[in-house]
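Since the structure comes first, as structure tokens, the remarks are kept for the end.
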Amino acid sequence: MKNALILGVFSGWIGVLPAYSGEQTKLVIRGEEFPIWPVEDLARRGMPVEAIPHDQNAAWTYLEAINSYLDVPPSLTEALDYAVQTGWPEGQTELRAFLLEEKNVEAIRSCERASRMERCLLPVNGTPDQSVIGVLLPNLSHIRVLGKLLVADGRLFAAEGMADDAILRYRTGIRMGSHMSNGMTLIESLVGIAVGGRSNLAILDLVLRYPLSVEQLKSLQEELSALAPKVPNVQKGLKGECAFGPAMVDDIFSSPFRVVSNVGVFTASTSGNVSAPAEINPAEDGWGKFEKRMGQLLYPDRTIKKHMQGYYDLVQDAEKRGTRAESWDQVGGGEAKYFEDKIPKWDVISRALLPSLSRAILLGERMKTEFAATRTLVALRIHMLENDGRAPASLSEVAKGLPDGAFVDPFGEGPLQYRRTDNGFALYSVGPDHVNGGGKAGKKWEEGDMVWTYPPSPIEPFVSDDKKE
């Protein structure tokens with residue numbers, strides 16, 4: 001079974017392009033030049049592209065940030081990762097100085113400007129004379145780095161007592177994640193979840209560990225309510241996958257005599273060994289028309305597309321209804337069996353090109369759960385500060401003024417689980433296994449319950465590998 005990222009990784013940055021003038025335009029990413037695929041050709045292939053004016057598309061401002069930030073020195077990698085995942089590493093003056101470098105400050109400002117824009121779609125890179133199978137994706141790791149810089153900068157602000165500035169950085173990260181998740185490929189959605197998820201967890205940690213005032217928490221509560229409809233998800237990415245499957249079938253069967261080499265390019269692409277992209281036969285001459293007709297006779301492309309669509313419909317239903325839906329049993333619990341039972345053995349194209357998408361859906365559900373936990377924790381902390389530090393007896397005491405569903409557990413059948421403790425509270429989701437373990441977490445987030453406690457457990461101080469025994 002192919003990894004969930006396959007189609008997304010090789011489908012490219014689909015997005016909104018300037019009006020195509022007939023000449024191939026270029027995109028420069030950190031000194032490397034990429035051709036921009038004309039939007040008309042993407043539309044012809046069935047891609048759900050949308051026209052956004054250049055000055056209204058946040059993608060170009062994010063690209064300014066990508067081209068601005070400084071590469072992280074190897075000597076600071078460990079400290080930066082600790083700042084992103086855990087907290088600000090005490091005594092890290094070098095990391096502080098790095099974050100305050102003019103180029104990095106400029107990049108963060110560009111991210112903030114872009115995050116305030118309503119619309120964002122990244123341009124797809126490639127040329128119309130090649131197959132979508134061979135499209136290469138500009139390195140989205142740059143977006144991940146920017147997300148890390150935002151969180152690390154927020155941790156620094158929090159450590160220096162500037163919580164409001166920290167929240168601004170984290171909010172920017174969530175908005176940026178939302179923008180990325182609205183791209184037209186699954187890989188963009190997953191990068192968006194990763195970027196937005198880190199920022200959300202940093203807010204969650206700030207709420208649990210720092211002495212925020214009631215006023216700060218209420219302001220944060222309003223901001224989270226505004227962000228709720230924009231929480232990064234995989235909905236748009238899954239729709240993009242639904243367009244790419246049939247488009248690849250069209251590419252393959254436009255040149256059926258080269259179908260083996262075309263699929264070979266796809267297989268090589270998934271392993272990172274790409275030589276040259278497959279060329280598309282436009283079938284404009286007699287031989288091209290004959291070749292295409294032979295393909296239709298030898299390979300029933302309509303039936304193959306029908307097999308693909310059945311799977312895509314199932315996946316989208318599972319994403320929409322959640323992991324407790326019946327469709328999830330076929331996706332998350334048995335994709336391999338579904339392929340075996342529903343797709344005939346002769347349909348090697350569907351079996352080769354259809355990715356495994358259950359992991360992507362699960363990551364989307366995790367993002368929803370952690371965001372719901374953040375909103376709940378803010379409400380709980382406000383209650384405690386207004387009631388002499390005493391936690392409420394139940395979540396119903398803090399639900400006033402919040403919309404219905406704010407505390408819903410995406411993995412459960414109702415609200416997040418909650419209990420008051422002697423000196424605080426425990427909040428938890430039943431997690432992907434849907435089993436209420438009473439607030440017992442597993443070694444991994446997929447195992448057992450997803451748990452948050454107040455007061456939180458102490459964190460291990462930062463120690464670089466070269467200082468560990």
Side-chain angles (χ1 to χ4, degrees), residues 174 177-178 181 193-194 196-205 207-208 220-221 224-235 316-329 331-333 358-384 391-421 424-454 456-457:
I174 293 178
S178 177
S181 74
I193 287 173
R198 287 195 189 103
S199 291
N200 175 68
L201 289 178
I203 293 176
L204 189 153
D205 188 70
V207 171
L208 290 177
L220 176 57
Q221 190 175 60
L224 293 174
S225 294
L227 288 172
K230 302 177 181 180
V231 172
N233 58 73
V234 296
Q235 293 175 4
Q316 287 186 300
D317 183 65
E319 194 282 330
K320 181 179 180 181
R321 296 169 58 195
T323 58
R324 284 187 173 274
E326 182 179 346
S327 53
W328 176 254
D329 294 335
V331 178
S358 59
R359 181 67 178 175
I361 296 174
L362 200 61
L363 291 173
E365 293 294 283
R366 178 189 181 183
M367 177 76 230
K368 295 176 187 176
T369 304
E370 291 174 341
F371 188 79
T374 301
R375 297 184 73 184
T376 307
L377 291 168
V378 170
L380 289 168
R381 291 293 295 126
I382 291 173
H383 182 280
M384 292 183 71
S394 68
L395 290 183
S396 62
E397 294 184 35
V398 299
K400 184 179 179 181
L402 291 174
D404 292 340
F407 303 154
V408 167
D409 181 0
F411 290 120
E413 294 181 313
L416 294 165
Q417 302 295 311
Y418 169 85
R419 68 169 180 271
R420 184 164 59 186
T421 60
F425 60 81
L427 178 74
Y428 64 96
S429 161
V430 298
D433 62 4
H434 304 149
V435 177
N436 188 337
K440 184 177 181 180
K443 292 182 179 180
K444 300 179 180 180
W445 75 269
E446 303 99 319
E447 303 170 354
D449 300 332
M450 299 171 64
V451 185
W452 302 272
T453 59
Y454 183 84
S457 301

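Just so it is clear, the structure is predicted and the values come from calculations on it, not from any experiment. One-based numbering along the sequence shown.
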## Note on the structure
Quick note, side chain to side chain donor-acceptor pair (under 3.5 Å) partners involving residues 367-379, not counting sequence neighbours, are N200-T374, S225-R375, E365-K368, R366-E370
If you take all heavy atoms of [X] and [Y], which pair is closest and at what distance?
{"X": "H434", "Y": "T323", "answer": "NE2-OG1, 2.8 Å"}
{"X": "L402", "Y": "A406", "answer": "CB-CB, 4.3 Å"}
{"X": "I361", "Y": "A318", "answer": "CD1-CB, 4.2 Å"}
{"X": "F411", "Y": "W445", "answer": "CZ-CZ3, 4.1 Å"}
{"X": "G196", "Y": "P232", "answer": "CA-CG, 4.1 Å"}
{"X": "S396", "Y": "S394", "answer": "OG-OG, 2.7 Å"}

### Task
Keeping the roles fixed (side chain from D449, backbone from V451), state whether a donor-acceptor pair exists under 3.5 Å.
no
### Task
Give the C-alpha distance, both sets of side-chain angles, the deciding distance and a yes or no for side chain to side chain contact (heavy atoms under 4.5 Å, CB included) between I193 and V234.
CA-CA 8 Å; I193 287 173; V234 296; 3.5 Å; yes
Look up atom [atom1] in [X] and atom [atom2] in [Y], then write down how far apart they are to the nearest 0.5 Å.
{"X": "F407", "Y": "L377", "atom1": "CZ", "atom2": "CG", "result": "9.5 Å"}
{"X": "E319", "Y": "L362", "atom1": "CD", "atom2": "CG", "result": "11.5 Å"}
{"X": "H383", "Y": "L395", "atom1": "NE2", "atom2": "CG", "result": "10.5 Å"}
{"X": "S199", "Y": "L204", "atom1": "OG", "atom2": "CG", "result": "12.5 Å"}

## Note on the structure
Sorted by chain and number, sequence neighbours left out, side-chain contact (heavy atoms from CB on, under 4.5 Å) with R420 holds for R390, A391, A393, Y418
### Task
Output all residues satisfying side-chain contact (heavy atoms from CB on, under 4.5 Å) with K440, sequence neighbours left out; order by chain, then residue number.
none
### Query
Quick one: salt bridge (Lys or Arg N to Asp or Glu O under 4.0 Å) pairs with a partner in residues 405-415, sequence neighbours left out?
R324-E413
### Task
Take L380 and Y454, measure what side chain to side chain contact (heavy atoms under 4.5 Å, CB included) needs, and give me the verdict at the end.
CA-CA 10 Å; L380 289 168; Y454 183 84; over 6 Å; no
### Query
Can you list the residues that meet the side-chain hydrogen bond (donor to acceptor under 3.5 Å, both in side chains) rule with S181, with sequence neighbours excluded?
none
### Results of side-chain hydrogen bond (donor to acceptor under 3.5 Å, both in side chains) for T453 - residues two or more places apart only
none
### Task
Take Q221 and R381 through the test side chain to side chain contact (heavy atoms under 4.5 Å, CB included) and record every step on the way to the result.
CA-CA 11 Å; Q221 190 175 60; R381 291 293 295 126; over 6 Å; no
### Message
For a 4.5 angstrom cut-off between non-hydrogen side-chain atoms, does R419 reach Y428?
### Response
yes
